[in-house]
Protein chains: 2
Amino acid sequence: MWLGSTAQHAVRAVLYITEHGIDAPVRVDDIAAALDAPRNYLSKTLHQLVRAGVLRSVRGPNGGFQLADAPDALSVARIVAPFLPSQQTRCLMGRPTCGGANPCAAHHRWQHVADGVIAFFEETTAAQLLADNRTPRAAARVVRKKPRPVSRRPATKRPATKRPATKRPAAKRP
Amino acid sequence: MWLGSTAQHAVRAVLYITEHGIDAPVRVDDIAAALDAPRNYLSKTLHQLVRAGVLRSVRGPNGGFQLADAPDALSVARIVAPFLPSQQTRCLMGRPTCGGANPCAAHHRWQHVADGVIAFFEETTAAQLLADNRTPRAAARVVRKKPRPVSRRPATKRPATKRPATKRPAAKRP
DNA sequence: AGCTAAGATCATGACGATATGATAAATATT
DNA sequence: AATATTTATCATATCGTCATGATCTTAGCT
């Protein structure tokens, strides 16, 4: 609902990378297998996230994708933005002039609802979703509380995480 | 936002019909001109609303479209339903199994937001939107109140409104 | 240098949404 | 019955999304 399948793949892929990419990049093949998503199309999608500054990619052997920032500084809005239709109006009717002096018929009633949706996208972080996913029991409760604004600490450059030649469990087909 | 242009045309057209179709059907040409929407495509769209039971159509001279029910018994949801993508899941990720025992990562946080949107569509009526449109000043206030559930009175069959041969101001090109 | 494991990219196509223009069908008026 | 008016429908076109499969490029390893 309200997210195209590409954006849905993007969110789920980012969550997967957040969970499994702590010390080594995650391969597209692994993500595609885990999400049951088309491999090449997912590759393209992830690359768009690289261009958007959400992910970093490493080519060649032992390559893959990692988060560019800390998961609690990554809002769903940033993940989803590259895959939203370009003409983004907040007007239900799509009226370009809607607002302020010239509201469309639905403007005032819709505004509240739309604000809620925008807030969800802006304030929900990858870290929160992952935490919810790990403890579904607790998630049903946490959601009752007023959401805190997204952590704005400046993108904690992690110290390059030069991973020590982690021999992964070898390729699937040796 | 979140409504395709067809659905947007549908809502605006219904509002126009609600306003101008009190005692006589409204012609597609008039609606198309008022909305600046493509004439034939709008015709098709309106016909879909006829099939959905939202409008009634009258063919031939003095024909056009009228509401099938009273405006305060017509929710936005009913207007928009025929133009929504068929696979309607409330899950942000589109997971078919999302919910209850097997929630997706975003389920609990998203549910509240989605509920708000659903409620907007279900509880907002054509009559309300039209009233808001006529008094934009007051609309900014009314929206603060808790919305009342949609009036459910049983579709007031109006007594056929056989209009007395209303000569309309003639065609555009005589 | 050559092999191999990865991401990056390209050509192609299916599909639905959004139209456009022409034509068919219905009906009120004369 | 003929005509004019109005909706209903059909054939076709365009565009963006969502892919698929093949090929190119990068970089670690020996």
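Every chain is numbered from 1 and lettered A, B, ... according to where its sequence line falls, protein lines coming before strand lines.
- For Pro61(A), whose side chain is taken as the heavy atoms from C-beta onward, the closest listed nucleotide among dA19(C), dA22(D), dG28(D) is dG28(D).
- Rounded to whole Å, the distance from CG on Leu42(B) to P on dG21(C) is 15 Å.
- The residue Phe83(B) sits apart from the nucleic acid: no heavy atom pair falls under 4.0 Å.
- Listed nucleotides dA8(D), dT18(C), dA8(C) differ in distance to Tyr41(B); the shortest reach to its side chain belongs to dT18(C).
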*Kindly indicate, with the supporting measurements, whether the criterion side-chain contact (heavy atoms from CB on, under 4.5 Å) is fulfilled by Phe83(A) and Leu3(A).*
CA-CA 8 Å; Phe83(A) 313 105; Leu3(A) 282 188; over 6 Å; no

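- Neither OP1 nor OP2 of dA8(D) sits under 4.0 Å from any side-chain N or O of Arg51(B).
- Comparing dA19(D), dG21(C), dG7(C) against the side chain of Arg59(A) picks out dG7(C) as the nearest.
- Smallest separation of non-hydrogen atoms from Arg78(A) and Ala73(A): NH1-O, 3.4 Å.
- For His47(B), whose side chain is taken as the heavy atoms from C-beta onward, the closest listed nucleotide among dA19(C), dT7(D), dA8(D) is dA8(D).
- To the nearest 0.5 Å, the span separating CG on Leu55(B) from CZ on Phe65(B) amounts to 7.0 Å.
- Straight-line distance from the CD atom of Gln66(B) to the C1' atom of dT7(D): 14 Å, rounded to whole Å.
- In this structure, Asn40(A) atom CG and dA11(C) atom P are separated by 15 Å, rounded to whole Å.
- Residue Ser43(A) places no side-chain N or O under 4.0 Å from the OP1 or OP2 atom of dT9(C).
- Whole-Å rounding puts the Asp29(B) CG to dT5(D) C1' distance at 10 Å.
- Closest to the side chain of Pro38(A), out of dA19(C), dT20(D), dG21(C), is dT20(D).
- Phosphate contact (OP1/OP2 of dT17(D), side-chain N/O of Thr6(A), threshold under 4.0 Å): absent.
- Residues Glu19(B) and Arg134(B) have side chains in contact (heavy-atom distance under 4.5 Å, counting atoms from C-beta outward).
- Residue-to-nucleotide proximity on DNA chain C shows that, of Gly60(B) and Lys44(B), the 5′-proximal contact is made by Lys44(B).
- Atom CD in Gln48(A) sits about 15 Å away from atom C1' in dG7(C), given to the nearest Å.
- Of all heavy-atom pairs between Cys91(B) and Cys104(B), the closest is SG-SG, 3.6 Å.
- The side chain of Arg39(A) places no N or O atom within less than 4.0 Å of a non-bridging phosphate oxygen (OP1 or OP2) of dG21(D).
- In the interface, the side chain of Arg27(B) is not paired with the base of dT6(D) through any donor and acceptor atom under 3.5 Å apart.
- Here the straight-line distance linking atom CG of Leu92(A) with atom CZ of Phe120(B) works out to 5.0 Å at 0.5 Å rounding.
- Side-chain N/O atoms of Ser5(A) include one lying less than 4.0 angstrom from OP1 or OP2 on dC18(D).
- We find that CG of Asp30(B) is positioned 13 Å from C1' of dT7(D), with the value rounded to whole Å.
- Not a single donor-acceptor pair, N or O on each side, falls under 3.5 Å between the base of dG28(D) and the side chain of Asn62(A).
- Rounded to a whole Å, the CG atom of Leu84(B) is 10 Å from the P atom of dA17(C).
- The interatomic distance linking Arg56(A) (CZ) with dA8(C) (C1') rounds to 18 Å, in whole Å.
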